[in-house]
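Per chain, numbering begins at 1; letters A, B, ... match sequence-line order. Only a predicted model underlies this, so the values are computations on that prediction, with no experimental measurement involved.
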Amino acid sequence: MSNSNLPNYLEYKGKYKGIFAWIFSTDHKKIGLLYLYSIMSFFIVGAILGLLMKLELIAPGKTIMEAKSYNAVFTMHGITMIFLIVVPGIPAIFGNFFLPILIGAKDVFYPKLNLLSWWLYIIGAAIALSSQFMNGASPDTGWTFYAPYSFRTQSNVLPALIGAFVLGFSSILTGLNFIVTMHRMRAPGMGWFKMPLFPWTLYGTAWIQLLATPVIGITLLMVVAERVLNIGFFDPALGGDPVLYQHLFWIYSHPAVYIMILPAMGVISEVIPTFAKKEIFGYNAIVISTLLIAFVGYFVWGHHMFTAGMSETSLFAFSFLTFLVAIPSAIKIFNWLATLYKGSIVLKTPMYWAVSFLFVFMIGGLSGLVLGAMAINVHLHDTAFVVSHFHFIVFGGVGFAFFAGIHYWFPKIYGKMYDAWWADTGWIVFFFGFLLLYTPMFYLGIAGMPRRYYDYVPEFHFANILSSFGAFIMIAGLVIIIINLFRSAKNGEKAEVSPWGGQTLEWTISSPPILENFEEIPEIK
Amino acid sequence: MENSEEHKIVSFKTYLIILVSLICFTLLSVFVTKIDLGNISIIVALSIAAIKSLLVFSVFMHLYYDKKMYSIMVAGVILLMTLVLIITFLDYGF
């Protein structure tokens, strides 16, 4: 297999020039890269905000900021990381770039709608971030906008709410586009159960994006209405119910965790077989567990609200369902491990990320079960334990899978190889920093340190020093990774068509791909 | 895959019958508010609304004439919404 003679998508001269050739391009690959650059830029902002929080927590009392500033910083850190990074994250970047290629299509079904999704993403991000630059204080509600505080605070919550509302549309349109693309554009011969696993996870995700996102859209508008018109949906003084807000918020926001993690699982399901030189173990089980996670994931939202004052029936139901949703996730872990078993494992950068994903994801998942147990939850609710748990899942899961994916597909995206030594060094530094940053927070939570506090008692000092130190190491790893990838995209060695020996369709086409991916639509046997 | 397109052209007469039925059901739902049915009045109102939705889904939105797959998808969405509502009301009713 050799590279095509047709111009690749990066060299292709379309209607527009310069930056306009990017921001008005309907090519799914360029849109994927637009998302990559936007999301990475926001990620750097979110990471700096996180680092500021860790700097504040390096010693008890005020270190670098006041309590109010700390509230604003963790709110913006949350809004940026959740709404601007991990929710669009892998589907918007790798889904856009690779979904059509993996199913043997020339583009997504609605290319213009795809571009509109990116524009909505940018507009939503601009509105949400404008809250920082307007008169008045930055939002200080946390990314969850819990009522009644969210409609009573004097800070700039409105732009943040409206920004998140607009971002929801971007997510819905991407989900819709992916569903239609997979139904209508699979290459001849590619039945549903011949589809690679990454598209399958995007399919499960797309349904969640389509069905759950409107709930948060309406809920955020209800808070806007509450602030502006004093309607009384959630205000007890007007007959409203603040717990109803929590229900509505988590009806979206828990499935949103699966919007984040399912595509991450898809990436891992592509990387592991390639580097174990084996077919994935239990393809059908992984597909079914993906759909089960997407479905059961809708019904577990109440485990975020065990201490909110729900009825006992609800408590039991949500705790039971939470334990149930762990089963399909565990099925996946067993399948990945069975794929590795007796494989001819090749340890290269993407595989390091994939294997460390298994490690951090399992810690995140199992600590989730700890929190799903009602009696323990009462003790651990709103402590540093919860923060550590969801960073292991969301950052450990999505982040590690993202880095596995970018190191796996980088040669295909840019047609260049990266410096493997620096990439491996970046991984080990990042991995070590990550563990040092979040592991002490499990201990802190169990010992009773609440989350979202800028101060703590002296007993918690040592573990906080370790954690803050870990944050700096992790950021150092991140800097190594980003610089290495930037340099390699410019000056790396030319990549072959299939540098890792992958078996899916993207490894049969040029690196980088031509404009419409395939000179001829492949027929799957 | 699934590229065979055969759009059923629904007759004007069918659309008209559905429109008239929808208007009749609307009038009926107004009419039943005049009768004191006690606790079941909300069930009656929702049932009329459900029948109206079914007519719109199946004829105006062509689900009746399209592949069964699309009906299954819509039914799945309605099932999901029902389950979410039931589970939410576990907190309020029990």
Open item on the list: Is it the case that atom OH in A:Y149 sees more than 12 heavy atoms from other parts of the structure closer than 6.0 Å?
Closed with: yes

Open item on the list: Around atom CZ of A:F320, are there more than 12 heavy atoms from other residues, nucleotides or ligands closer than 6.0 Å?
Closed with: no

TODO: Taking all heavy atoms of B:L83 and all of A:F295, pick out the closest pair and write down the distance.
DONE: CD1-CZ, 4.0 Å

Task: Nearest-0.5 Å distance, CZ of residue B:F89 to NE2 of residue A:H247 - done: 9.5 Å

Open item on the list: With rounding to the nearest 0.5 angstrom, report the CG to CG distance, B:L80 to A:L211.
Closed with: 6.0 Å

TODO: Examine distances only and state if a side-chain atom of B:D91 and a backbone atom of A:S311 form a donor-acceptor pair shorter than 3.5 Å.
DONE: yes

TODO: Starting at CH2 of A:W207, measure out to CE of B:M73 and round the result to the nearest 0.5 Å.
DONE: 4.5 Å

Open item on the list: Within a 6.0 Å radius of atom CD1 on B:I42, are there more than 12 heavy atoms belonging to other residues, nucleotides or ligands?
Closed with: no

- [ ] Check the pair A:F318, B:L90 against side chain to side chain contact (heavy atoms under 4.5 Å, CB included), reporting the backbone distance first and the verdict last.
- [x] CA-CA 10 Å; A:F318 282 122; B:L90 284 181; over 6 Å; no

TODO: Heavy atoms only: give me the nearest A:W301-B:T88 pair and the separation to one decimal.
DONE: CZ2-OG1, 3.3 Å

- [ ] Measure A:V243 against the heavy atoms of chain B and call it side chain, backbone, both or neither at under 4.5 Å.
- [x] both

Task: Step-by-step side chain to side chain contact (heavy atoms under 4.5 Å, CB included) determination, A:L321 to B:I87 - done: CA-CA 11 Å; A:L321 289 164; B:I87 294 177; 4.3 Å; yes

